[in-house]
S.K.: 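This is the structure, below, for whatever I ask next.
In what follows, chains are A, B, ... by sequence order, proteins preceding strands, each numbered from 1.
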Amino acid sequence: MAHGPAKGIGRWLFATNHKDIGTMYLWFSFAMFLLGGAFAMIIRAELFAPGMQLIKPEFFNQMTTMHGLIMVFGAIMPSFVGLANWMVPLQIGAPDMALPRMNNLSFWILPFGFALLASTLFMEGGAPNFGWTFYAPLSTTYAPDTVNFFIFGVHIIGASSIMGSINIIATILNLRAPGMTMMKLPLFVWTWLITAFLLVAVMPVLAGAVTMMLMDINFGTSFFDAAGGGDPVLFQHIFWFFGHPEVYIIILPAFGVISEIIPTFSRKPLFGYSSMVYATSAIAFLSFIVWAHHMFTTGMPIAGELYFMYATMLIAVPTGVKVFNWITTMFRGSLTFETPMLFAIAVVILFTFGGFTGLMLAVAPADIQYHDSYFVVGHFHYVMVAGAVFSMSGAVYYWLPKWTGKMYDETMGKMQFWIAFVGFNIAFIPQHFLGLAGMPRRYADYALQFSDWNMVSSIGAFMYGAAQLMFLYNVISTIVSGKPSTEEKTWEGAQGLEWTLPSPAPFHTFSTPPNVK
Amino acid sequence: MVSRVKQLVVYALSPLLLLSFVGQLARAEDAHASGWSLLNMTEGVTGVSHDIYDLHMTVVWICVWISVVVYGVMFYSMFAHRKSRGAKASNFHESTVVELLWTIVPVLILIWVAFPSTRVLIDLYDTSEADIDIKVTGYQWKWQYEYLGEGVEFMSELTTSEAAIYNLEPKTEYYLSEVNEPLVLPIGKKVRFLLTAKDVIHAWWVPELGVKRDAVPGFINETWAKIDEPGIYRGFCAELCGKGHAFMPIVVNAVSEEEYAVWLAAKKEAAAAQREMAKQSFTFEQLMAKGEESYNRSCAGCHAANGEGIPGAFPALKGSAVALGPVAKHLDVVVNGTAGTAMQAFGGQLSEVDLAAIITYERNAWGNDVGDMVQPIDVLKFKQGQ
């Protein structure tokens, strides 16, 4: 324990300590989560009743686009990078991340990337309005001039992700404590290792896509313009070659978190550890060869359509293995239901539901009806929010005592869980009905038969939004005035190196590597 | 706590169960159900849409049964293996047999689903031997239908008023799903749709026809439908295409073969009359009046009713160089559009009368005072002179 943190703002600006950087990532991503959430509230308020009440359709499109971009790139991804920064060194017995200065850089370019993106809201022409999937030519020929800010924002965010991933890979492969073999790694570490490889593989593809847009818009090329010999559908292939692995990038670390929490509160080792590792690898591999299932209505040749249908259906197998393993871990355990466990169980229930609708979407002929309808919106919020965001909430409650040395208020935690759980389902179950009934997604206004369920959905969304403010309150009040919780092992059933450290974890940990038997 | 667990079980399963029960109920209900009862996919009125519905329900039921087992085991553990009930944790943590079992069984279920899916998909892709060909062209934000080989084509646009959208007028039954002119199709005939777009990607979706296909600029996609029952079927644009995305509905009027023949003959006559009209002359006042009406329908969406456009997105026409400059350039921009921008080529979308009136209006409205006018015959000559 050579020295403590620096004093003043310099501690954060020049941070190289994995815990400080992790903390900054977590706070930054939560700020982005609130911003993206505010956009969602505007969307749901406008959709509360038919007719345009609050905003204009052009601004509505900016809101749906910014909501998606901010949530995916600003909230969920950086939050898991923050979690990795905090937990990977602690879980593998490393003193810090392998590349601490790059760690600083990868965090500190993020606020600039998002400032660039968000600044378009105040410019003439407005923010990006072409959806978070930014299909050409709506995002090229027909985009507002501010699209160039969006493109550079995405480049910066992508560079940050790539650096963060390289750091995580380098840390896991090089800094494991003696005796910590690969097949002893905690699952959170495993899922992040695989996620990091996915990120390094696909973020450059996204960078390529936006660069081609930049060329089309400013330098007269025609990658995505049929009039110049290009192809708008090419954009979708490139985007989804990035985009499908991207959704697993979001969900795999969440699986890792669940695989930590469930054994702890079941007081029983994780069932099928090695099959979990293989299933995660299988999901990662499949993620590269199924992208065009997002494009079943683009008029692909039937051979392509059939191939992508079969390949996509296969994903259900390794995903099913994971769910079965979690449930078998709980089976004949000794269960308690603290807040992290509630979130973990909710993830298993709701993510499985999102998996079912995912299987439905994989069936190409049926997807002809589901595609680009609210059914899809319901589906991906079940996997993105109930999968990734719920597990992130669970992770914060789970490790907060280790980070702060203080215990959150269990009653408040449980209350927050139940409001989030009920609000979430009220918000998103009706969206499945709306989609099946024929309501397309990204609609600023809708026909009257869709009024009832839209109203219900909006009420649920407001409830879920309120739960996040309560979450913020819970975290702050724990830090400020939580009951001290200084024992090393916060949870009775917890396993792993992080629980051999004092709480709160000191500024420098594992300066001498632990011995893993 | 027990009651909470029970509640949870019911709560977790209810969406799926509800979905399936409603699927059964929906069979009995008519096609224009609304509000709370809208829960499941329509069975539709074509062979393909029925097949899709059956496939959908098969997968829903598979999911229901899997979820009964999976959630059942889970809730049983949550109830029976609680620490508060004195449960002691076992230590088992692997079993190759079990792992293999729950890998193989899902694979078999998936193969079972893959067979009918493949059959339906192949059917859905078979656009051969069509009786009628309709070219569907997506525009920001309307559809154009062309009856290939018949010389009949028209634009189909939303008729819901701006006032109704902004809540200044009450909303009528078919709010946002009504158009000036529906696509008329005969029942019992195989109709092939050839889809394309003039600007961005749109998607033509009519749930009851079981048809959704992207309309991609520069490419032609094919799909088909054979409608079994006469009726009016409504659909929407399903690919984000800009600010008017929610405001370009689709209405299909399926009629008997005889009615269709009568309608088509009348349309052909009207088309001939329209061509005649282009040769007449109009007074300045007539052109301005007609121009205001056509401008508000076709141009005001971007350039605004007051001609001021939307700053940063769509240029103002009030005081613009094109509107105040030589008439040839003005004609060129309106008829051919401006490459690389959102300005469409309206030459093929609007009649010569409309084009002449709009150009005259743009040159003389909102304080623009060029003072000249454009006759339909000028537009015709401009087009032919190209």
Side-chain angles (χ1 to χ4, degrees), chain A residues 50-52 57-58 61 124-125 131 135 137-138 141-142 144 226 232-233 267-269 271-272 275 297-299 302 305-306 310 313 316-317 320-321 324 327 330-336 349 356 360 363-366 368-369 371-372 429 433 436-438 440 442-445 447-449 452, chain B residues 12 15 34-36 38-41 52 55-56 59 63 73-74 77 81-83 87-90 93-94 99 102-103 106-107 110 114 117-118 120-121 124-125 165-167 171 175-177 200-201 203 207 212-214 216-218 221 236 238-240 242-243 245-246 311-313 340 342:
Chain A
M52 301 304 297
E58 47 268 45
N61 288 348
E124 210 178 64
Y135 282 7
L138 187 62
T141 315
Y142 295 83
V233 180
R267 293 166 181 76
K268 186 164 160 275
F271 186 83
S275 74
T297 65
T298 52
I302 185 150
E305 197 105 343
L306 285 171
Y310 300 144
M313 285 162 79
V317 177
V321 166
F324 300 143
I327 290 173
M330 288 165 67
F331 189 73
R332 290 182 51 207
S334 172
L335 279 73
T336 51
I349 295 172
F356 287 139
M360 293 166 75
V363 177
I368 298 295
Q369 294 282 32
H371 182 86
D372 260 327
I429 282 182
F433 302 150
L436 292 175
R442 294 163 165 169
Y443 260 32
D445 197 5
L448 299 181
Q449 70 266 32
D452 296 336
Chain B
S34 67
W36 302 112
L38 277 182
L39 295 164
N40 201 3
M41 184 189 285
I52 291 176
L55 210 51
H56 160 73
V59 183
C63 293
V73 173
M74 186 172 181
S77 310
H81 305 142
R82 312 167 75 83
K83 197 185 178 203
K88 293 266 182 298
S90 328
H93 54 84
E94 56 192 354
E99 298 277 1
W102 65 40
T103 306
V107 170
L110 291 175
S117 305
T118 306
V120 176
L121 196 65
L124 200 148
Y125 260 72
I165 293 168
Y166 286 93
N167 310 306
K171 295 176 174 44
Y175 175 74
L176 295 189
S177 46
V200 299
I201 302 174
K212 184 188 287 138
R213 198 53 114 210
D214 290 1
V216 183
N221 268 334
F236 298 99
E239 183 62 64
L240 178 62
K243 72 189 174 68
H245 176 43

S.K.: Heavy-atom distances under 4.5 Å only: say whether Glu239(B) touches chain A with side chain, backbone, both or neither.
M.R.: both
S.K.: Below 4.5 Å, heavy atoms only, C-beta onward: do His93(B) and Lys268(A) meet side chain to side chain?
M.R.: no
S.K.: Taking only residues two or more places apart in sequence or in another chain, which ones pass salt bridge (charged side-chain N to carboxylate O under 4.0 Å, His left out) with Arg332(A)?
M.R.: none
S.K.: Do you know which two heavy atoms are closest between Val363(A) and Ser117(B), and how far apart they sit?
M.R.: CG1-OG, 3.3 Å
S.K.: Side chain, backbone, both or neither: which part of Ala316(A) has a heavy atom under 4.5 Å from chain B?
M.R.: side chain
S.K.: Do you know which of Val73(B), Leu110(B), Leu124(B) has the most heavy-atom pairs under 4.5 Å to chain A?
M.R.: Leu110(B)
S.K.: Would you check if the side chain of Lys212(B) reaches a backbone N or O of His371(A) as a donor-acceptor pair within less than 3.5 Å?
M.R.: yes
S.K.: Given that the side chain runs from C-beta out, which part of Lys171(B) has a heavy atom under 4.5 Å from chain A: side chain, backbone, both or neither?
M.R.: both
S.K.: Quick check for you: among Ala87(B), Ala238(B), Gly218(B), Ala89(B), which has the greatest number of heavy-atom pairs under 4.5 Å with chain A?
M.R.: Ala89(B)
S.K.: State the NE2-CE distance between His81(B) and Met330(A), to the nearest 0.5 angstrom.
M.R.: 10.5 Å
S.K.: Once rounded to the nearest 0.5 Å, what's the spacing between atom CG of Asn61(A) and atom NZ of Lys243(B)?
M.R.: 10.0 Å
S.K.: Can you tell me which portion of Asp445(A) sits under 4.5 Å from chain B's heavy atoms? Options are side chain, backbone, both or neither.
M.R.: both
S.K.: Is any side-chain heavy atom of Leu138(A) closer than 4.5 Å to one of Ile201(B)?
M.R.: no
S.K.: Can you tell me how far CG of Leu335(A) sits from NZ of Lys83(B), rounded to the nearest 0.5 angstrom?
M.R.: 11.0 Å
S.K.: Please determine, among Ser177(B), Ala114(B), Pro207(B), Ala203(B), the option with the most heavy-atom pairs under 4.5 Å with chain A.
M.R.: Pro207(B)
S.K.: Considering non-hydrogen atoms only, spot the tightest contact between Gly438(A) and Phe236(B) and give its length.
M.R.: O-CD1, 3.5 Å
S.K.: With the side chain counted from C-beta on, respond yes when Thr298(A) and Val216(B) share a heavy-atom pair under 4.5 Å apart, and no when they do not.
M.R.: no
S.K.: Search all heavy atoms of Glu305(A) against all heavy atoms of Tyr125(B) and return the closest pair with its distance.
M.R.: OE1-OH, 2.9 Å
S.K.: Not counting sequence neighbours, which residues clear side-chain contact (heavy atoms from CB on, under 4.5 Å) with Thr103(B)? List them please.
M.R.: Val317(A), Val321(A)
S.K.: Out of Gly272(A), Ser334(A), Gly299(A), Pro57(A), return the one with the most heavy atom pairs under 4.5 angstrom to chain B.
M.R.: Ser334(A)
S.K.: Roughly how far, to the nearest 0.5 Å, is OG1 of Thr118(B) from CD1 of Ile302(A)?
M.R.: 8.5 Å
S.K.: Less than 3.5 Å apart, any donor N or O on the side chain of Thr297(A) or Asp214(B) sitting next to an acceptor on the other?
M.R.: yes
S.K.: Tell me whether the rings of Trp102(B) and Phe324(A) are parallel (<30°), tilted (30 to 60°) or perpendicular (>60°).
M.R.: tilted
S.K.: In Å, rounded to the nearest 0.5 Å, how long is the span from CG of Leu436(A) to CG of Leu38(B)?
M.R.: 10.0 Å
S.K.: I'd like to verify something: which residue of Pro440(A), Pro365(A), Gly51(A) has the highest number of heavy-atom pairs under 4.5 Å with chain B?
M.R.: Pro365(A)
S.K.: To the nearest 0.5 Å, how far apart are CD1 in Ile52(B) and CD in Gln369(A)?
M.R.: 5.0 Å
S.K.: What option among Gly320(A), Ala444(A), Ala364(A), Pro232(A) has the most heavy-atom pairs under 4.5 Å with chain B?
M.R.: Pro232(A)
S.K.: With a 4.5 angstrom heavy-atom cut-off, could you sort out which part of Tyr135(A) is near chain B: side chain, backbone, both or neither?
M.R.: side chain
